[in-house]
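Here's the structure we're looking at; comments come further down.
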Amino acid sequence: MQNAAFKAAHLPWLYLPLDITQDQVETALDLMKDLPVKGANVTVPYKGVVLPYLDNVEKDARWLGSVNTIYRSGRKLCGTSTDGEGFLRSLGSIRQKLKRSRGLMVGAGGAAKAVAGALAKSGIGSLYLANRTPARAKQLAKSLRNRYRSLEVGLVSISEAEKILPNCDWVVQATSVGLKKGDPSPLSLKRATTSLWVIDLIYHRETAFRRQAKDLGLRNLDGVGMLLHQGALSFELWTGKRAPLRVMRRALLNSLG
Ligand code: ATR
């Protein structure tokens with residue numbers, strides 16, 4: 001996706017995977033400073049690990065404890081997270097309807113926090129959180145309430161979540177259930193009304209959760225748009241140019257098969 005974008009923008013740049021171990025993170029970042037490297041993406045499990053080694057980390061990324069994009073400012077390495085804004089951009093026209101809306105998030109890990117933060121920032125009215133491990137949802141709720149004072153955050157069990165679906169405008173599936181072929185749906189959507197938007201952050205395959213939404217005739221999105229847009233935002237930070245979205249989408253869909 002990034003290499004296709006560089007080519008389309010006539011930049012003689014190369015995006016390469018760097019397969020490192022945790023004890024090599026600091027050395028890799030030092031090397032980035034000395035070599036003519038414009039930036040980097042950081043992925044699991046190093047999104048949190050890189051923070052102490054960066055010269056500057058943007059406020060939102062600090063709150064998240066997660067950096068997915070590193071860019072340069074002179075010799076300084078700066079960290080940010082494009083995950084939340086990438087999610088919002090992937091929503092297209094639904095984004096305009098978020099103000100004061102009500103929704104449910106299943107999951108309370110890193111992806112859930114990035115997306116919940118972005119939703120809170122866009123002015124949603126209330127958010128219900130459900131997670132297999134309730135203590136983790138409680139922690140996320142606390143962190144959201146501290147940062148977004150006017151946001152109402154409710155904690156629900158999975159079975160309660162299924163019951164409140166008729167009161168929701170959208171539901172976001174932010175767990176890793178569905179990454180593996182044959183994974184079940186973490187939530188039943190059978191009580192949902194037809195106005196519900198169903199969003200699954202998983203992009204690797206059609207999950208049981210999303211198939212359920214389709215079978216029920218509910219409007220739905222997968223995580224491909226978020227993946228595309230977080231990458232497009234990284235591209236824009238590195239190059240100062242607008243990302244060639246169509247080229248990137250085509251390359252991404254080709255690589256995902
Ligand atoms: P990510 O960075 O992708 O969000 P993560 O921080 O490890 O990854 O979070 C994974 C999320 O998927 C968590 O909400 C996790 O629930 P727990 O907090 O209970 O671990 C959820 N998850 C993972 N496997 C699950 C499963 N089999 N059933 C339900 N939830 C699951």
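As the structure lists them, so they are numbered: ligands from 1, and atoms in each ligand from 1. Just so it is clear, the structure is predicted and the values come from calculations on it, not from any experiment.
- Annotation for ligand 1: atoms under 4.0 Å from non-hydrogen atoms of G110 are 1 (P), 2 (O), 4 (O), 6 (O).
- The shortest contact between atom 16 (O) of ligand 1 and any protein heavy atom is with N131 OD1, 3.3 Å.
- For atom 13 (C) of ligand 1, the closest non-hydrogen atom of the protein is R136 NH1, 3.5 Å.
- Nearest heavy-atom pair across D83 and A114 is CB-CB, 4.0 Å.
- Using a 4.5 Å heavy-atom threshold, the side chains of Q2 and N41 count as touching.
- Within 6.0 Å of atom NZ in K33, more than 12 heavy atoms from other residues, nucleotides or ligands are found, so the atom counts as buried in its surroundings.
- Contact annotation: for R132 versus ligand 1, heavy atoms closer than 4.0 Å belong to both the backbone and the side chain.
- In the hydrophobic clustering of this structure, L256 does not group with L221; members are Ile, Leu, Val, Met, Phe, Trp, Tyr whose side-chain heavy atoms approach within less than 4.5 Å, directly or through other members.
- Of the protein's non-hydrogen atoms, G109 CA, 3.4 Å is the one closest to atom 9 (O) of ligand 1.
- Of all atoms in ligand 1, listed by their number and element, those nearer than 4.0 Å to a heavy atom of G107 are 14 (O).
- For T133, heavy-atom contacts with ligand 1 shorter than 4.0 Å involve the backbone as well as the side chain.
- By the 3.5 Å distance cut-off applied to N or O atoms, A108 is counted among the residues near ligand 1.
- When each atom of ligand 1 is checked for a heavy atom of A111 under 4.0 Å away, the hits are 1 (P), 2 (O), 4 (O).
- When each atom of ligand 1 is checked for a heavy atom of V177 under 4.0 Å away, the hits are 25 (C), 26 (C), 27 (N), 28 (N), 29 (C), 30 (N), 31 (C).
- Side-chain atoms of E152 and S126 include no donor-acceptor pair closer than 3.5 Å.
- The aromatic rings of W63 and Y148 lie perpendicular to each other, with more than 60° between the two planes, well past the 30° mark.
- The shortest N or O to N or O distance between T175 and ligand 1 is not under 3.5 Å.
- Counting only N and O atoms by type, the side chains of N68 and T82 include a donor and acceptor under 3.5 Å apart.
- Checked by atom type, the side-chain pair S93/Q96 shows no donor-acceptor distance below 3.5 Å.
- Here the heavy atom of the protein found nearest to atom 12 (O) of ligand 1 is S176 N, 3.1 Å.
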